[in-house]
Amino acid sequence: MSTNTLSKEAETRLLNFFNNTIDPKGMAKALRQVNYVMALGIIREDETLQQEVTRLENSFYWLNELAEILNPYLDVE
């Protein structure tokens, strides 16, 4: 996993966005729904280029990671 450092301005803007603009549970739900719809689209696609599959797998992973940060759902027993 690579580590990128954010500028103070970017960090502040992200904190403001996630703390003041959106409901974390709502955003996590929306991210999971988008992942589900994208997965259905890929499953129904007859031909997909291998590089597209790899890119989409990475997108699914990172969107789910963000959803888990916003609202831990998969860790709940």
Side-chain angles (χ1 to χ4, degrees):
M1 176 195 238
S2 66
T3 342
N4 295 330
T5 56
L6 296 173
S7 69
K8 271 295 191 198
E9 180 185 354
E11 187 176 327
T12 303
R13 291 175 73 185
L14 282 169
L15 287 172
N16 286 339
F17 177 76
F18 285 113
N19 290 332
N20 300 323
T21 306
I22 63 164
D23 169 43
K25 288 184 181 182
M27 178 62 130
K29 181 179 177 181
L31 288 170
R32 289 184 179 102
Q33 288 173 337
V34 166
N35 264 353
Y36 177 72
V37 169
M38 287 184 353
L40 281 179
I42 296 304
I43 289 169
R44 292 178 179 160
E45 188 76 25
D46 290 339
E47 292 183 29
T48 304
L49 298 173
Q50 185 58 43
Q51 55 182 262
E52 292 297 317
V53 171
T54 303
R55 193 185 83 210
L56 286 168
E57 286 174 352
N58 289 334
S59 298
F60 293 148
Y61 174 80
W62 289 113
L63 282 174
N64 279 329
E65 285 293 306
L66 180 56
E68 283 300 301
I69 290 168
L70 293 170
N71 178 23
Y73 177 77
L74 298 175
D75 294 338
V76 177
E77 292 184 23

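All heavy atoms count here, side chains included; hydrogens, waters and symmetry mates do not.
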Q: Can you name the side-chain contact (heavy atoms from CB on, under 4.5 Å) partners of Lys29, sequence neighbours left out?
A: Gln33
Q: Given Glu65 and Tyr61, is the side chain to side chain contact (heavy atoms under 4.5 Å, CB included) satisfied, shown in steps?
A: CA-CA 6 Å; Glu65 285 293 306; Tyr61 174 80; 3.6 Å; yes
Q: In Å, rounded to the nearest 0.5 Å, how long is the span from CD1 of Ile69 to CG of Asn64?
A: 11.0 Å
Q: Shared ILVMFWY cluster between Val34 and Met27, side chains joined below 4.5 angstrom?
A: yes
Q: Specify the closest pair of heavy atoms between Ala28 and Ala67, including all atoms of both residues, with the distance to one decimal.
A: CB-O, 3.5 Å
Q: Using the side-chain contact (heavy atoms from CB on, under 4.5 Å) criterion, which residues pair with Leu66? Sequence neighbours excluded.
A: Phe18, Leu31, Leu70
